[in-house]
Every structure is written in structure tokens, then in C-alpha cells.
Amino acid sequence: MDIIKIILQVLLGITSVLLTLLILLHKGRGGGMSDMFGGGMTSSMGSSGVAERNLNRITIVLGLIWGAVIIGLALVLRFSVEA
């Protein structure tokens, strides 16, 4: 069980960093914190290219993997028997 726990912890760290980077790569949609402080120069908010759609798909898949890893790690920690 220790090997599975270590693998899941490493996977959680990697997916957390990647998910953070992918979220930061997204184009701003306006109305957020940046608009409150004068960064609200948005144009053509409805247009989304192929790269943006692919970035959305990758982010969603990575988010689902991240959630599955968290659930798996919680189950391993819950049912691991320490001798």
C-alpha cells in the first residue's frame, strides 16, 4: 500500500502543478478581479479558436484526473491498515 500511496501523492503533485498552469493559460473573460483594478481591455469575448477549445478540453480532462487521484488517495489512506 505504501507504493500506491507514494505514486498517488506524486501524481497529485504533478497534476496540481499542471492544472494550475493550464488554468493560468486561459484567456480572461472579463468581469473578474483584473477588471476591478483597471485591466479590463477585452475584445471579441465570444470568439474561441481551436487552441482555446483544445486547452479547455485538456484542462477538463486533467481536472477529472486530479479529482480521481484525490479520491483514490483518500480511499487508500482510509483503508490502509498500519501494523
Given the rule that I, L, V, M, F, W and Y join up when any side-chain heavy atoms are under 4.5 Å apart, are Leu19 and Ile60 in one cluster?
-> no
Of all residues at least two apart in sequence or in a different chain, which pass the side-chain contact (heavy atoms from CB on, under 4.5 Å) check with Leu21?
-> Val17
Under the side-chain contact (heavy atoms from CB on, under 4.5 Å) test, which residues partner Ile71, sequence neighbours left out?
-> Leu75
What is the distance from atom OG of Ser80 to atom CG of Asp2, rounded to the nearest 0.5 Å?
-> 8.0 Å
Do Ile58 and Val61 share a hydrophobic cluster, counting only Ile, Leu, Val, Met, Phe, Trp and Tyr and linking them when any side-chain heavy atoms are less than 4.5 Å apart?
-> yes
Taking the side chain as C-beta and beyond, is there a heavy-atom pair between Leu22 and Leu25 under 4.5 Å?
-> yes
Transitively linked via ILVMFWY side-chain contacts under 4.5 Å: Ile70 with Val76?
-> yes
So which pairs with a foot in residues 7-23 pass side-chain hydrogen bond (donor to acceptor under 3.5 Å, both in side chains), sequence neighbours left out?
-> Ser16-Trp66
Between atom CG of Leu11 and atom CD1 of Ile65, what is the distance when rounded to the nearest 0.5 Å?
-> 8.0 Å
Close side-chain approach of Arg57 to Asn54, heavy-atom, < 4.5 Å = yes
Count the heavy atoms belonging to other residues, nucleotides or ligands that lie under 6.0 Å from CG of Leu24, then report whether that count exceeds 12.
-> yes
Do Leu12 and Leu8 come within less than 4.5 Å of each other through their side chains, counting heavy atoms only?
-> no
To the nearest 0.5 Å, how far apart are CG in Leu62 and CG in Leu55?
-> 10.5 Å
Gap separating the NE2 atom of His26 from the OG1 atom of Thr59, nearest 0.5 angstrom = 4.0 Å
